[in-house]
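A short write-up of the structure that comes next.
In what follows, every heavy atom counts, from backbone to side chain, and hydrogens, waters and symmetry copies are set aside.
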Amino acid sequence: MTEPLVSNHTEITQELFREGAKAQLNQKYNRMAAKVALALLAALAVLAVVMVLLSGGVLSLAFEGVIFALVLGWIRIALPRTECKRAYRAFESRCGGFTGREVSFYEDHLLVEPEMGESVSVAYEDITDVQETQHTLTLTYEGGTVLLDKEGFSQGSAAEARALLSAQ
């Protein structure tokens, strides 16, 4: 095999995992929050009409508004955090506690070599999404996700890795 053009070693800590997963979870929970918000707004509107017709108190309507805000807050804040913790524990369990990996970028593919387990080769054309945060670069493909620590490049840089990905 030829020499890699870019190399990265990442030790996936819970903080790094959370940062990399946050963008993906935010997309998922934004859609869920929008659907729930519409359903709750419709229910709140029906409740308001019923309360006006029955001469109900405005205090009950205000209480329903607070419940509405709490449910949306739970979906947008608490649920992603809980999901991220659960996902990291599952990831650690799958890896047997070995959370380090070497990722080598070649001309047309990358090779993920975990400390324990089988190596995975991913063609650049199979990568469906690239997300970047302050400390991570997250590559998504049909079979999974590759999380890279931007500080972990031993050869090349995050910019060079992005250039290889976008060249395909």
Side-chain angles (χ1 to χ4, degrees), residues 1-41 69 71-168:
M1 187 174 279
T2 63
E3 193 68 23
L5 303 172
V6 177
S7 293
N8 177 284
H9 178 79
T10 298
E11 191 66 42
I12 303 175
T13 63
Q14 188 166 3
E15 293 77 26
L16 197 66
F17 185 89
R18 183 181 312 123
E19 184 179 328
K22 187 177 178 184
Q24 291 177 325
L25 289 174
N26 279 345
Q27 288 177 345
K28 176 182 175 181
Y29 289 111
N30 279 343
R31 287 189 299 270
M32 182 190 300
K35 290 176 183 176
V36 170
L38 287 174
L40 287 176
L41 276 174
V71 168
L72 289 180
W74 177 74
I75 289 172
R76 283 292 299 123
I77 298 168
L79 198 56
R81 287 182 183 171
T82 303
E83 175 67 16
C84 193
K85 286 179 185 176
R86 185 205 58 76
Y88 184 74
R89 284 194 301 271
F91 164 73
E92 269 188 322
S93 177
R94 278 192 318 270
C95 295
F98 295 96
T99 58
R101 59 204 57 239
E102 189 74 32
V103 180
S104 302
F105 290 79
Y106 295 93
E107 195 170 312
D108 61 347
H109 72 284
L110 59 91
L111 183 65
V112 181
E113 299 173 280
E115 289 177 351
M116 188 174 124
E118 292 186 30
S119 298
V120 176
S121 179
V122 180
Y124 295 144
E125 62 192 31
D126 293 338
I127 295 174
T128 57
D129 190 30
V130 177
Q131 293 182 346
E132 187 171 357
T133 65
Q134 183 178 358
H135 300 104
T136 69
L137 193 59
T138 306
L139 315 175
T140 305
Y141 61 99
E142 189 173 319
T145 301
V146 178
L147 179 66
L148 302 171
D149 182 352
K150 288 166 62 175
E151 298 294 319
F153 284 94
S154 55
Q155 179 181 344
S157 65
E160 290 177 74
R162 280 191 312 275
L164 283 169
L165 295 167
S166 64
Q168 298 302 314

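Taken to the nearest 0.5 Å, the CG atom of Asp108 stands 9.5 Å off from the CG atom of Leu5. We find the CG-CG distance between Leu165 and Leu137 to be 7.0 Å, quoted to the nearest 0.5 Å. Of the inter-residue distances, the one linking Glu19 atom CD with Gln131 atom CD reads 11.5 Å to the nearest 0.5 angstrom. His109 contributes atom NE2, which lies 10.5 Å from atom CD of Glu107 (distance to the nearest 0.5 angstrom). With rounding to the nearest 0.5 Å, the separation of OG1 in Thr99 from CG in Leu16 is 9.5 Å. Rounding to the nearest 0.5 Å gives a distance of 10.0 Å between OG of Ser121 and CD of Glu113.
Looking at Val146 and Val120, their side chains never come closer than 4.5 Å, going by heavy atoms from C-beta outward. Side-chain contact between Leu110 and Leu139: present, with at least one pair of heavy atoms (C-beta onward) separated by less than 4.5 Å.
Heavy atoms only, all atoms of each residue included: Tyr106 and Tyr124 are closest at O-OH, 2.5 Å. Nearest heavy atom pair, residue Tyr141 against residue Ile127, reads CB-CA, 4.2 Å.
Applying the salt bridge (charged side-chain N to carboxylate O under 4.0 Å, His left out) test to every pair with at least one member in residues 155-165, sequence neighbours left out, gives these pairs: Glu132-Arg162. Applying the salt bridge (charged side-chain N to carboxylate O under 4.0 Å, His left out) test to every pair with at least one member in residues 88-101, sequence neighbours left out, gives no pairs at all.
Among Pro4, Ser119, Pro114, Ser154, the single residue meeting the side-chain contact (heavy atoms from CB on, under 4.5 Å) criterion with Glu102 is Ser154.
Residues forming a ring-ring contact (aromatic ring centres under 6.0 Å, His included) with Phe17 (at least two apart in sequence, or on another chain): Tyr88, Phe91. Scanning for side chain to side chain contact (heavy atoms under 4.5 Å, CB included) contacts around Ala39 gives an empty result, with sequence neighbours left out. For the side chain to side chain donor-acceptor pair (under 3.5 Å) test, no residue two or more places apart in sequence or in another chain qualifies with Ser7. Residues passing the side chain to side chain contact (heavy atoms under 4.5 Å, CB included) test with Glu15, sequence neighbours excluded: Thr13, Arg18.
At least one donor-acceptor pair closer than 3.5 Å links the side chain of Thr10 to the backbone N or O of Asp149. For Lys150 (side chain) and Thr133 (main-chain N/O), a donor-acceptor pair under 3.5 Å exists by modelled atom type.
Within a 6.0 Å sphere centred on CD of Glu151, other residues, nucleotides and ligands contribute 12 heavy atoms or fewer.
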